[in-house]
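Within every chain, numbering begins at 1; the chains are lettered A, B, ... in the order of the sequence lines, protein sequences first and strands thereafter. Every heavy atom of this structure was used, including side-chain atoms; hydrogens, water molecules and symmetry mates were not.
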Amino acid sequence: MKWATRAGIHIDRAACAWLIRRFVDTDAEFVFVADPAEVPADTTPFDMRGAELGHHHGDCSFETILRRYDLTTDAALKRIAAIIHEADLDDERFDAPEAPGLDVVLRGLSMIGDDEHTMTVTKPVFDGLYEYYRRATLLGREPA
Amino acid sequence: MTDHEQPPTALPDRPGQWVLLSYRLPREPSTPRITVWRKLKRLGVAQISDGLIALPADARTREQLDWIAEEVTDSGGTATVWIAHPAALAEERKLAQAMADARAAEYEQVRAQAQQARHQPDDERQRTLRRLRAELRRINRRDYFPPPQRRTAETAVAALQPANTGTTPAPEENSA
């Protein structure tokens with residue numbers, strides 16, 4: 001499947017792209033557009049105004065995708081969602097001290113490379129975060 | 001967060017880019033109106049008139065206003081997002097000054113609270129320090145034209161650090 005989002009990706013879009021490729025569509029192809037009008041007809045838009053997979057009811061797009069694809073029972077993904085929410089919206093709905101740090105890392109990345117570069121670098125970062133919170137859930141405490 | 005201390009008067013010679021949100025929400029129910037207003041306040045927007053607010057345009061502010069526009073339409077209202085230049089430099093200066101003044105008042109409150117906490121017992125002062133650091137961070141995020149009160153507030157909060165953890169303010173003091 002093809003997926004489209006706005007160019008110049010930051011925390012929410014980078015995390016959504018990772019989530020889609022790992023849990024929704026392993027063959028996902030991504031298109032980055034400057035304006036919603038440029039979204040090709042055969043693609044699913046996300047994290048864009050007017051898209052189903054966007055911010056809704058105070059949730060960020062990552063949370064919307066979790067709900068839409070029935071992934072909310074995965075505790076590790078829920079924890080990552082809380083971090084993405086705080087990094088993106090910073091509204092203190094969740095206690096996520098990781099958020100400001102991750103946000104700065106993503107902002108810095110967007111300054112030194114294009115969207116492909118950001119996705120390449122963030123993939124193992126999100127894989128690692130997922131593994132960390134997966135183990136934390138199993139152990140019931142912070143893993144070593 | 002950042003360390004640049006540009007007073008509002010150091011604006012460039014030509015008006016810069018601003019992102020405007022023009023929105024209308026039904027009077028009832030009042031909850032979405034209040035939610036939207038709280039979010040705008042948190043972003044530190046300049047209110048131009050009823051239902052028209054502005055922020056200096058960058059990737060983050062554009063996106064934030066886009067999502068608030070989405071929330072307005074989700075709640076049955078109408079919203080459009082615009083990129084604009086003030087026609088005259090004086091207009092921009094007024095807008096920037098109003099925003100800097102609003103932040104200055106917030107920093108001043110933090111400074112006054114830090115001042116009051118100076119003689120609190122250690123554990124109480126530590127709690128105040130943590131709370132005021134978080135408050136400073138919230139204000140910094142909506143501070144687009146840092147006023148001199150910012151540095152004063154940061155210094156006052158840093159002074160709450162217990163003496164035995166180092167005589168000079170730790171580097172994290174400035175970034176908190």
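- In terms of heavy atoms, A:Arg49 sits closest to B:Thr73 at NH2-CG2, 4.0 Å.
- Between the CH2 atom in B:Trp67 and the CE atom in A:Met48 there is a gap of 8.5 Å [rounded to 0.5 Å].
- Put simply, B:Leu40 and B:Ile83 are part of the same group of oily side chains (I, L, V, M, F, W, Y) that touch within less than 4.5 Å, one to the next.
- A salt bridge (charged side-chain N to carboxylate O under 4.0 Å, His left out) with A:Asp90 is found for exactly one of B:Lys39, B:Arg138, B:Arg137, B:Arg142, namely B:Arg137.
- Transitive grouping of hydrophobic side chains (ILVMFWY, heavy atoms separated by less than 4.5 Å) brings B:Met99 and B:Trp82 into a common cluster.
- Note on A:Phe32: it does not cluster hydrophobically with A:Val39, by side-chain heavy-atom contacts below 4.5 Å among ILVMFWY residues.
- How far CD of B:Gln64 is from CG of A:Asp88: 6.5 Å, rounded to the nearest 0.5 Å.
- When the shell of 6.0 Å around CG of A:Asp42 is examined, it contains more than 12 heavy atoms from other residues, nucleotides or ligands.
- At a 4.5 Å heavy-atom cutoff, the contact between B:Asp74 and chain A is made by side-chain atoms alone.
- Only the side chain of A:Asp103 has a heavy atom closer than 4.5 Å to any heavy atom of chain B.
- Surrounding CZ of B:Arg38 are at most 12 heavy atoms belonging to other residues, nucleotides or ligands under 6.0 Å away.
- Applying the 6.0 Å contact sphere to CZ of A:Arg107 captures more than 12 heavy atoms from other residues, nucleotides or ligands.
- Around CZ of A:Arg93, the count of heavy atoms belonging to other residues, nucleotides or ligands within 6.0 Å exceeds 12.
- By a heavy-atom distance cut of under 4.5 Å, not one residue of residues 126-143 of chain A is near chain B.
- The hydrophobic cluster containing A:Ile84 does not contain A:Val104, counting ILVMFWY residues as joined when their side-chain heavy atoms lie under 4.5 angstrom apart, directly or transitively.
- The hydrophobic clustering, which links ILVMFWY residues whose side-chain heavy atoms are closer than 4.5 Å, places B:Leu129 and B:Tyr107 together.
- Taking CZ of B:Arg62 as the start and CZ of A:Arg6 as the end, the distance is 9.5 Å to the nearest 0.5 Å.
- Counting heavy atoms from C-beta on, the side chains of B:Glu63 and A:Asp47 come closer than 4.5 Å.
- Contact of B:Ser75 with chain A is not made at all, since no heavy-atom distance falls under 4.5 Å.
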